[in-house]
Amino acid sequence: MNLQTTFYGQPLANCLMNASGVHCMTNTELAELAASQAGAVISKTATLTARAGNPEPRYVDTSLGSINSMGLPNLGLDYYLDYWATRTEPLQFLSVAGMNYTENITALKKIEASDFTGITEFNLSCPNLPGKPQIAYDFELTKKLLTEVFQFFTKPLGVKLPPYFDLAHFDQMAEILNQFPLVYVNSINSVGNGLVIDPKTDAVVIKPKAGFGGIGGEYVKPTALANVRAFYTRLKPEIKIIGTGGVLTGQDVFEHLLCGASLVQVGTQLHQEGPEVFARLTAELAAVMEQKGYQSLADFQGKLKTL
Ligand code: RRO
């Protein structure tokens, strides 16, 4: 069974990665992912300066997934640029976000001026910053920001999107994204501002934002698959799709690929299981492919059937 793939011209052992935010804040965590069976690794979304994030508890695993309002805790852009400079992976993914419009531009200018040669994932979808709407829910702002970014940014760039729920929104966002030389879009970030209640205490389970937070895991798989499929069928073929959301099993990985994902990221399940999840998922994906008679990812990638 051949799970190998290529992305941005680089061969990868398999299509699996961590989702930014999970197990990727420190050098130690990043090195643990690098030593796992993951095909590639992405670092925690970095801001220009380090942030402590929101008060705890701010991440809770539930029976069907997770809720988080981390609030962008990270060690600062320099830390992650320094980390990647010490590494030899052929394909490195650096996630970045600004706390405001100007900081987005400043952070990307800093990456442009650095020695970083990997792919930058521009996070347009953090749901957990009080008072700051998710950029990618504002179509005009997204277009303005990407227009300004591509005036100076020459390195490979992908964007991390929030989930959309309306076909008209898929159309509008795809029309905007198709105007830019993006390497990929990553769908989806967590489903913003859900609420989980502890039945024993009648209280919310996380402290920030009165309990509102981003939902991940099993809850979100149909939404994630819909977003992957919707963008796969609307974006120009040069823009690849990274599928994220609701991946617990090899069958889930298979479904993301079937919808058109080129790579598949794992967040909530990585948090629950640790980096060993990648060995399990690759073995399970191989078993699904074997059972269906597929020899390589290209045999079925994007080939979802309709009725
Ligand atoms: O740190 C967070 O609160 C966070 C981020 Br930046 C994100 O993009 N998605 C998420 O669920 N949490």
Side-chain angles (χ1 to χ4, degrees), residues 17-26 29-30 41-62 64-77 79-80 93-101 103-104 107-108 120-138 142 145 157-164 184-196 204-221 223-224 227 242-247 265-272:
M17 299 177 64
N18 65 303
S20 179
V22 182
H23 208 95
C24 61
M25 183 141 88
T26 64
E29 288 178 328
L30 286 160
V41 173
I42 185 166
S43 48
K44 167 70 185 173
T45 301
T47 47
L48 269 182
T49 50
R51 288 173 51 84
N54 291 336
E56 295 178 335
R58 59 191 187 181
Y59 188 113
V60 170
D61 285 311
T62 71
L64 291 174
S66 64
I67 183 167
N68 89 84
S69 183
M70 302 298 288
L72 246 173
N74 76 95
L75 297 164
L77 181 54
Y79 180 93
Y80 301 101
F93 288 84
L94 170 74
S95 175
V96 68
M99 295 301 292
N100 53 51
Y101 188 93
E103 217 186 278
N104 279 306
L108 287 167
T120 300
E121 179 168 290
F122 192 16
N123 186 352
L124 300 177
S125 48
C126 177
N128 298 326
L129 300 170
K132 294 187 191 298
Q134 294 164 77
I135 294 172
Y137 282 146
D138 183 333
T142 300
L145 185 55
L157 191 81
V159 288
K160 179 81 171 270
L161 297 178
Y164 300 98
Y184 71 84
V185 309
N186 184 346
S187 290
I188 57 172
N189 207 320
S190 56
V191 174
N193 295 298
L195 193 64
V196 172
V204 299
V205 299
I206 57 170
K207 181 161 177 164
K209 290 171 55 184
F212 286 68
I215 305 296
E218 209 172 330
Y219 298 112
V220 312
K221 189 176 82 166
T223 297
N227 277 260
I242 298 184
T244 305
V247 174
Q265 296 186 343
V266 188
T268 297
Q269 196 61 28
L270 168 60
H271 186 267
Q272 289 201 9

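In listed order, ligands and their atoms are each counted from 1.
Scored by the side-chain contact (heavy atoms from CB on, under 4.5 Å) test, T49 finds no partners at all (sequence neighbours excluded). The ring-ring contact (aromatic ring centres under 6.0 Å, His included) check on Y59 picks up H271, with sequence neighbours excluded. By the salt bridge (Lys or Arg N to Asp or Glu O under 4.0 Å) test, K221 is found to be paired with D252, E255, residues two or more places apart in sequence or in another chain being considered.
Enclosure of atom OH in Y79 by more than 12 non-hydrogen atoms of other residues, nucleotides or ligands within 6.0 angstrom is indicated.
In this structure, Q265 and I242 approach most closely via the heavy-atom pair CG-CG2, 3.6 Å. Across every non-hydrogen atom of C24 and A19, the tightest pair is SG-O, 4.4 Å.
Protein residues with a heavy atom under 4.0 Å from ligand 1 are K44, N68, M70, G71, L72, P73, N123, C126, P127, N128, N189, S190.
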